[in-house]
Amino acid sequence: MKKCTYNYVINLDSLLKSFAMQRVIVVGNGMVGYKFCEKLIARSREYEIIVYGEEPRPAYDRVHLSSFFSGSNADDLLLASRAWYVENNIELYTSELVTSINREEKTVTTHLGKTDHYDCLVLATGSSAFVPPIEGVERNGVFVYRTIEDLHQITEYSKGAKVAAVMGGGLLGLEAAKALMDLGLKTHVIEFSPRLMPRQIDEDGSQVLAHKLTQLGISIHTNKGTRKVEGNGKLEKLEFTDGTSLSIDMLVISAGIRPRDELAKASGLCVHARGGIVIDENTRTSDPAIYAIGEAAVYNNTVFGLVAPGYEMAEVAARQFTGDSSKTFNGFDMSTKLKLIGVDVASFGDAFGDALGSVPIIIHDRRNGIYKRINISEDGKLLLGGILIGDASQYNLFHQMVVNRIPLPAQPESLIFGRGEADEGAGLKSLPETAQICACENISKGDLVFHISEKNVTTLDGLKENTKACTGCGGCTPMVNDILKLTLESLGHTVKKTLCEHFEYTRQELFDLIKVKKIKTYDSLLNVQGKGDGCEVCKPAVASLLASIWNEPITHQPTIQDTNDRYLANIQKGGTYSVVPRIAGGEITPEKLMAIGRIASKYNLYTKITGGQRIDMFGARVDQLPEIWEELINEGFESGHAYGKALRTIKSCVGSTWCRYGVQDSVSYAIFIENRYKGLRAPHKLKGAVSGCIRECAEAQSKDFGIIATEKGWNLYVCGNGGSRPQHARLLVNDVDTETCTRLIDRFLMFYIQTADPLTRTATWLNKMEGGLEYLREVIVNDSLGIGDQLEKNMTELIAHYECEWKKVVESKELRSQFSHFINSDETDSTLSFVEMRGQKYPANWKSSPQQ
Amino acid sequence: MEIVKELKTYTEDNTNGVKIWFKAARVIDFPENGGACVKYKGLQIAVFNFSRRKEWYACQNLCPHKMQMVLSRGMIGSTTGEPKVACPFHKKTFSLQTGNCLNAEEENISIFPVKVEDGFVYIGFTR
């Protein structure tokens with residue numbers, strides 16, 4: 001009863017208020033329409049806001065639409081939940097399309113026949129995909145790439161398809177190509193013009209990009225005009241104007257956008273001849289009570305098809321509502337940086353060098369797939385613009401140099417030759433206060449510095465919360481972080497990477513403390529050096545330190561381990577676990593293969609070969625783990641530590657034993673190394689490989705440590721990485737014998753374990769190391785610090801303490817009892833559910849939250 | 001999913017409204033500074049033993065982010081003194097005092113009162 005009364009009061013209150021409040025109707029609930037609401041309520045609560053959106057769900061992040069295919073669900077993409085609109089008194093109507101405007105009466109009518117009155121109207125109707133008038137585009141299997149509904153349809157149709165094409169090699173087209181590739185389709189990109197991304201990059205840049213994409217398995221066809229979409233009902237092939245054709249099962253058209261101006265046009269607002277609602281610098285249309293923002297609007301004969309200028313218009317419009325005309329929309333810098341299918345692409349300022357007297361400086365590194373072009377002014381004093389492909393790490397700096405007219409160094413070419421990363425900090429320092437850092441939210445360096453120095457914001461999260469920087473596309477995050485660090489340092493703060501609120505020490509300091517004070521448990525460390533109750537950050541970090549220092553069984557302290565380490569298995573979707581026995585070097589006897597097959601079959605486990613040459617068995621319930629391991633151990637297997645931040649596998653090629661090219665026995669060495677370091681815990685997972693000759697079939701240069709056989713011995717490479725930011729391992733030493741090689745790996749691994757930050761792979765560790773590879777080589781190979789013997793001794797101790805964790809569990813009744821779903825019942829979790837695909841089981845997909 | 005719905009209908013509890021004190025398990029069955037899952041009727045309840053603080057907390061076992069029955073396997077700890085649990089899947093953290101999600105915009109979770117008597121752990125339910 002009480003609750004009802006309360007609700008009633010609120011409603012009555014808002015009702016009374018509404019008599020005095022102006023009604024703002026926002027037509028369109030896309031990214032820009034949403035941003036307008038956010039900006040308006042931040043400035044004024046004097047308006048009643050009503051939003052009509054044609055799509056079934058609230059505004060979502062269209063920029064990251066392709067992440068939908070790589071696992072995100074629709075809810076992850078929402079910019080704000082429905083609850084947000086309610087909390088801010090915004091009336092949101094989804095699945096309701098505004099069909100007409102009566103400007104005299106100041107009303108809008110929706111497709112449901114509802115009429116609503118406005119005092120001010122904001123048109124954020126966005127754009128639709130342009131479908132060129134090609135014969136046959138109406139066939140089944142032809143899609144556009146614009147909304148979540150489009151994605152649903154594409155996903156559904158792709159199940160019966162093998163080959164797909166994207167028409168349009170622009171920004172969005174390449175995003176769509178990635179999506180199709182993620183769906184497992186052979187993907188072609190058809191571009192009418194002679195190059196990819198014709199609006200952003202030049203011919204040579206396009207070639208580098210095309211080459212990279214081809215390597216990833218996407219076929220690129222430029223200079224191809226499509227004449228006809230051929231097929232019998234559904235589409236079967238594309239016919240081109242040059243007489244060639246391409247057989248495909250589905251087509252996604254991404255040939256540009258058309259502003260949605262039909263509503264404006266029908267109500268007599270001024271629209272552009274090529275489409276788009278004409279606005280002035282205050283985002284006002286030809287009717288002073290109506291504004292237009294985002295991709296539906298045309299300013300100065302231009303449609304702005306990016307989110308940042310849309311947000312800028314939303315800001316200008318929101319200010320108009322509070323009588324603030326100090327900020328106007330004057331066009332927008334269309335500089336952009338993005339990661340396309342894992343390839344960095346950036347284009348900024350005068351990218352093509354159109355300005356009079358502009359001089360290009362170009363690096364074209366085909367081998368590494370890097371293209372960098374900067375255009376400098378005739379007198380060599382200013383950077384005008386440029387293009388970066390393959391490595392866009394300098395984009396932020398260059399962009400700021402252009403925008404703020406920062407003088408170039410004496411040798412401007414030095415900007416793009418060499419890695420240039422060391423200069424980034426210096427570049428930031430020279431930026432003026434007005435330099436725009438976050439383009440989406442229009443945050444300047446001065447805004448950030450103000451929050452850091454005057455408002456005592458000292459963390460990146462704090463800056464995000466207080467300024468909203470980094471919350472749009474996220475591209476400015478590294479730069480904001482650098483500004484935070486620089487500013488804190490300049491304020492005399494010692495910028496120290498403490499673990500979390502419970503320990504005011506760095507990982508390396510804790511390493512020394514644990515060692516010197518001979519601390520063996522998390523609790524005693526927290527008592528002596530920390531405060532509070534710990535958390536999910538410091539517990540696993542300390543657990544890893546304890547394991548790296550004492551190598552005592554982690555099962556002694558189960559509740560400080562990450563869930564994978566706690567249950568000695570990898571948690572998977574649905575809450576079951578996967579099991580990976582060690583198969584050192586990838587070598588396995590037929591008998592052991594059959595044993596895995598028998599056990600997997602008995603427990604109905606899904607099996608898959610891993611990237612590290614072993615076999616993963618998925619779908620084990622927590623209570624089955626000890627039984628499965630008991631059987632595996634009886635067959636001679638031991639833990640593969642796939643669950644730990646620990647040594648995983650040493651991959652190998654067959655080497656000189658079988659291969660006609662092999663020069664050393666890579667398999668034997670790989671098995672030796674894997675058994676030597678098995679169970680070794682580190683700040684992050686560790687992977688290695690041994691190749692038997694220069695052909696490098698084991699891909700050792702993508703590993704934390706990789707060994708490649710030579711006629712004389714082994715070359716040792718370190719600090720390589722696959723994953724999201726691949727990095728080749730660097731040559732540490734060449735032509736060493738087996739014993740030396742092993743000794744150097746001992747030192748290298750121990751040095752990494754002792755000095756790296758938590759969850760830092762070796763590649764990042766090296767990138768951050770002062771002095772880089774040269775320094776590392778000095779320490780490891782030339783023993784410049786005189787710690788070589790100590791590192792080797794520490795490693796020997798760790799190796800001597802190795803025990804198979806699973807063997808201990810299987811043999812202990814007490815430890816086994818921890819592997820049950822319920823503490824008060826032997827029943828299993830009844831919510832587990834599986835589906836079948838290709839003759840094996842899979843977990844049912846993530847369930848969505850019932851509220852939305 | 002049935003279980004999910006039933007759980008959702010539970011409102012925040014306090015000891016006064018408790019009608020049933022369910023005898024879940026012995027204190028010594030629970031790990032120190034960690035949790036375990038208790039089955040009660042059709043429900044799964046995550047119960048946490050904060051041995052350092054000599055406190056006990058209970059909440060739904062379901063993480064609302066991806067609807068997974070796993071919170072009892074999460075690491076526990078505190079942030080500025082407030083006891084919390086971190087979901088093992090994506091490290092969403094929830095206050096065990098209020099049920100609020102602390103590091104993301106997820107739904108709140110249901111929490112339940114816990115008492116310890118004669119070496120046994122009891123969870124309080126309204127029905």
Side-chain angles (χ1 to χ4, degrees), chain A residues 73 75-76 78 80-81 83-84 461 500-502 522-523 526-527 531-540 543 557-564 566-567 571-575 577 622 817-818 820-833 843-852, chain B residues 1-5 8 22-26 29-40 42 44-45 47-53 55 61-70 72-89 91-93 103 105-107 121:
Chain A
N73 64 25
D75 290 345
D76 291 339
L78 287 186
S81 66
W84 179 85
D461 283 342
C500 64
E501 67 173 83
H502 306 103
Y522 173 82
D523 260 8
L526 190 58
N527 289 340
K531 57 172 192 258
D533 309 290
C535 67
E536 72 283 359
V537 174
C538 59
K539 283 183 175 181
Q557 300 180 71
T559 57
I560 61 166
Q561 314 291 340
D562 253 321
T563 196
N564 287 355
R566 178 166 176 193
Y567 292 98
I571 196 165
Q572 305 289 356
K573 212 187 217 178
Y577 289 85
V622 68
S817 72
Q818 294 173 7
S820 69
H821 187 74
F822 293 112
I823 194 173
N824 61 337
S825 162
D826 290 335
E827 285 175 50
T828 57
D829 181 3
S830 60
T831 63
L832 295 179
S833 67
N845 212 342
W846 299 120
K847 291 164 198 151
S848 61
S849 163
Q851 200 184 43
Q852 279 158 7
Chain B
M1 283 309 277
E2 281 312 302
I3 291 169
V4 172
K5 280 183 199 140
K8 289 285 140 198
F22 176 66
K23 190 175 185 178
R26 293 178 303 174
D29 294 333
F30 286 88
E32 293 209 342
N33 295 304
C37 181
V38 168
K39 185 177 165 66
Y40 169 69
Q44 299 194 15
I45 310 295
V47 180
F48 300 102
N49 175 10
F50 279 68
S51 352
R52 285 184 71 84
R53 299 162 67 120
E55 291 170 358
N61 196 31
L62 182 87
C63 175
H65 173 222
K66 293 286 180 184
M67 310 305 276
Q68 302 282 307
M69 282 292 187
V70 284
S72 61
R73 299 178 206 169
M75 266 180 277
I76 58 171
S78 66
T79 178
T80 55
E82 189 169 9
K84 63 173 182 173
V85 59
C87 175
F89 269 97
K91 297 269 160 75
K92 305 281 177 187
T93 56
N103 63 351
E105 287 190 0
E106 296 299 334
E107 276 179 71
V121 178

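Excluded from the calculations below are hydrogen atoms, water molecules and symmetry mates; all remaining heavy atoms, backbone and side chain alike, are included. Labels below follow one simple rule: chain letters A, B, ... track the order of the sequence lines, proteins then strands, and each chain is numbered from 1.
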Of the backbone (N, CA, C, O) and the side chain (C-beta and beyond), which part of B:Val38 lies under 4.5 Å from a heavy atom of chain A, both, or neither?
both
With sequence neighbours left out, write down each residue that passes salt bridge (charged side-chain N to carboxylate O under 4.0 Å, His left out) with B:Lys23, or none if nothing qualifies.
none
Backbone N or O of B:Gly35 within a donor-acceptor pair of the A:Thr559 side chain at under 3.5 Å?
no
If I measure from the heavy atoms of chain B, does A:Lys573 come under 4.5 Å with its side chain, its backbone, both, or neither?
backbone
Would you say that B:Lys91 contacts A:Asp562 through its side chain, given a criterion of any heavy-atom pair below 4.5 Å between the two side chains?
yes
With a 4.5 angstrom heavy-atom cut-off, which part of B:Phe48 approaches chain A: side chain, backbone, both or neither?
neither
Go through it in stages, so that I can follow the logic: the residues are B:Arg73 and A:His821, the test is side chain to side chain contact (heavy atoms under 4.5 Å, CB included), and I'd like the CA-CA distance, side-chain angles, deciding distance and then a yes or no.
CA-CA 9 Å; B:Arg73 299 178 206 169; A:His821 187 74; 3.0 Å; yes
Quick one: pull up CZ in B:Phe89 and OG1 in A:Thr563 and give me the separation to the nearest 0.5 Å.
8.0 Å
Keeping the roles fixed (side chain from B:Lys39, backbone from A:Asp826), state whether a donor-acceptor pair exists under 3.5 Å.
no
Sequence neighbours excluded, the answer for side chain to side chain contact (heavy atoms under 4.5 Å, CB included) partners of B:Thr93 is A:Glu536, B:Lys84, B:Ala86, B:Leu102, B:Asn103
Does a sphere of radius 6.0 Å around CD in B:Glu55 hold more than 12 heavy atoms from other residues, nucleotides or ligands, not counting ones at 6.0 Å or beyond?
yes
If I measure from the heavy atoms of chain B, does A:Asp461 come under 4.5 Å with its side chain, its backbone, both, or neither?
neither
Answer yes if the side chains of A:Glu501 and B:Thr79 hold a donor-acceptor pair under 3.5 Å, and no otherwise.
yes
Interchain contact, A:Val622 with chain B, by part (heavy-atom threshold 4.5 Å):
side chain
Can you tell which part of A:Gln561 gets under 4.5 Å to a heavy atom of chain B, answering side chain, backbone, both or neither?
backbone
Measure distances from A:Asn564 to the heavy atoms of chain B and classify the residue's part below 4.5 Å as side chain, backbone, both or neither.
neither
At a 4.5 Å cut-off on heavy atoms, which part of B:Phe30 comes close to chain A: side chain, backbone, both, or neither?
both
Contacting moiety of B:Arg52, where chain A heavy atoms sit under 4.5 Å
side chain
Can you tell if the side chain of A:Leu832 reaches within under 4.5 Å of the side chain of B:Met69, non-hydrogen atoms only?
no
Is B:Ser78 reaching over with its side chain to a backbone N or O of A:Gly532, donor-acceptor style, under 3.5 angstrom?
no
